[in-house]
Enquirer: 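Can you read through this structure? Questions will come right after.
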Amino acid sequence: MKVLLVEDEQKIAGFMSAGLKEQGFVVEHCDNGIDGYDRASAGSFDVIVLDIMLPGRDGLSILKSLRKSGNVTPIILLTARNELDDRIEGLSMGADDYLAKPFFVEELIARVMALLRRVSGERQNVLAVGELRLDRISREVTWYGQSVDLTGREFNLVEYLMRSPGRVLTRTQILEHVWDYDFDPSTNVVDVCIQRIRKKMASIGVDAGGESPIESVRGVGYRFRKLA
Ligand code: CA
């Protein structure tokens with residue numbers, strides 16, 4: 001799952017980013033409000049962690065514009081202790097939660113997880129396509145009922161493909177979504193990662209008719225098969 005972190009204080013951003021990555025999240029960080037808004041409105045994030053006091057553009061104004069444009073990505077606001085009015089205003093503008101600074105990174109992670117669980121009514125936490133099941137919260141993947149032991153990156157890649165069965169996703173789209181920095185599009189990290197996933201699924205030894213659910217589309221990218 002992908003988190004956008006909009007926070008100008010490098011130290012705070014650094015520890016939040018490290019803590020979230022440890023939990024398997026892909027984290028993108030913006031250190032000002034202008035870039036923060038651009039990324040938030042352009043990218044597809046599962047959660048946005050948004051500081052209120054930011055250079056360029058403040059968090060409440062970003063929140064307001066996002067909601068006005070129909071963006072419903074869950075947002076956690078970061079506030080200073082004395083910004084009670086901002087918190088109330090933020091919640092009334094459509095923020096999903098807030099966290100007062102200073103906080104422990106464990107608290108942020110707990111809030112992010114709780115928020116993801118809460119929005120599970122709208123966005124399923126268990127994805128199932130054919131015999132492949134993926135639980136976004138427990139981060140477990142099973143194929144024909146057998147557990148597949150994936151790394152965080154492999155998990156995120158499978159999840160990304162599974163969200164749009166039948167749709168071709170380009171290597172660039174996959175890189176942007178699953179890797180948190182800009183790679184040279186000619187890199188083969190995506191292909192290598194797909195090969196590892198296929199190998200792990202094949203090694204379970206179930207009779208899947210010899211077909212991997214992840215199909216290569218020559219010269220373009222990959223597609224998750226629409227399985228019955
Ligand atoms: Ca700040």
Side-chain angles (χ1 to χ4, degrees), residues 1-120 122-123 125 136-137 139 152-153 156 159-160 175-183:
M1 279 183 265
K2 198 165 180 180
V3 179
L4 176 66
L5 193 57
V6 189
E7 165 65 78
D8 56 313
E9 286 164 75
Q10 291 298 337
K11 211 173 141 189
I12 300 179
F15 84 73
M16 284 196 286
S17 182
L20 288 163
K21 283 179 184 172
E22 224 168 77
Q23 297 297 314
F25 288 97
V26 173
V27 181
E28 189 172 321
H29 171 226
C30 294
D31 65 1
N32 68 80
I34 309 273
D35 292 345
Y37 176 72
D38 283 351
R39 290 305 298 140
S41 50
S44 57
F45 295 94
D46 296 287
V47 179
I48 299 171
V49 178
L50 182 61
D51 190 27
I52 289 186
M53 295 284 281
L54 289 166
R57 184 167 180 182
D58 74 89
L60 289 178
S61 139
I62 294 173
L63 167 68
K64 201 172 172 182
S65 297
L66 288 173
R67 293 300 186 242
K68 210 175 155 191
S69 68
N71 186 312
V72 294
T73 309
I75 293 178
I76 299 181
L77 288 175
L78 301 181
T79 69
R81 281 274 175 229
N82 56 2
E83 293 171 342
L84 179 64
D85 289 350
D86 286 349
R87 268 175 242 167
I88 295 167
E89 200 183 345
L91 291 171
S92 70
M93 277 182 191
D96 299 271
D97 201 355
Y98 69 85
L99 200 52
K101 291 178 182 175
F103 54 83
F104 288 106
V105 71
E106 290 79 4
E107 195 180 352
L108 173 72
I109 288 161
R111 297 289 187 97
V112 168
M113 296 299 214
L115 189 51
L116 289 170
R117 253 175 250 130
R118 217 160 74 205
V119 298
S120 68
E122 303 143 41
R123 280 263 307 275
N125 283 325
R136 296 157 55 95
I137 301 296
R139 300 185 68 80
R153 182 86 70 202
N156 290 339
E159 183 201 345
Y160 182 52
L175 273 175
E176 273 177 17
H177 198 92
V178 180
W179 276 261
D180 46 356
Y181 27 90
D182 293 328
F183 270 94

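Counting starts at 1 for both ligands and their atoms, in listed order. Keep in mind that this is a model prediction, so the values were computed, not measured. For reference, positions follow the sequence shown, starting with 1.
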Enquirer: Answer yes or no: is there a side-chain heavy-atom contact under 4.5 Å between F45 and E28?
Expert: yes

Enquirer: Which of the N/O/S atoms in D8 sits closest to the Ca ion (ligand 1)?
Expert: OD1

Enquirer: The Ca ion (ligand 1) as vertex, arms to OD2 of D51 and O of M53: angle to 10°?
Expert: 80°

Enquirer: Please report the C-alpha distance between V112 and D97 in whole Å, then the side-chain angles of each, then the deciding distance to 0.1 Å, and finally whether the side-chain contact (heavy atoms from CB on, under 4.5 Å) criterion is met.
Expert: CA-CA 9 Å; V112 168; D97 201 355; over 6 Å; no

Enquirer: State, without any angle test, whether N71 and S69 hold a side-chain donor-acceptor pair at a distance under 3.5 Å.
Expert: no

Enquirer: Would you say the Ca ion (ligand 1) has E7 as a near neighbour, meaning an N/O/S atom of that residue under 3.0 Å away?
Expert: no

Enquirer: Using a strict 4.0 Å threshold on nitrogen-to-oxygen distance, state whether D96 and R67 make a salt bridge.
Expert: yes

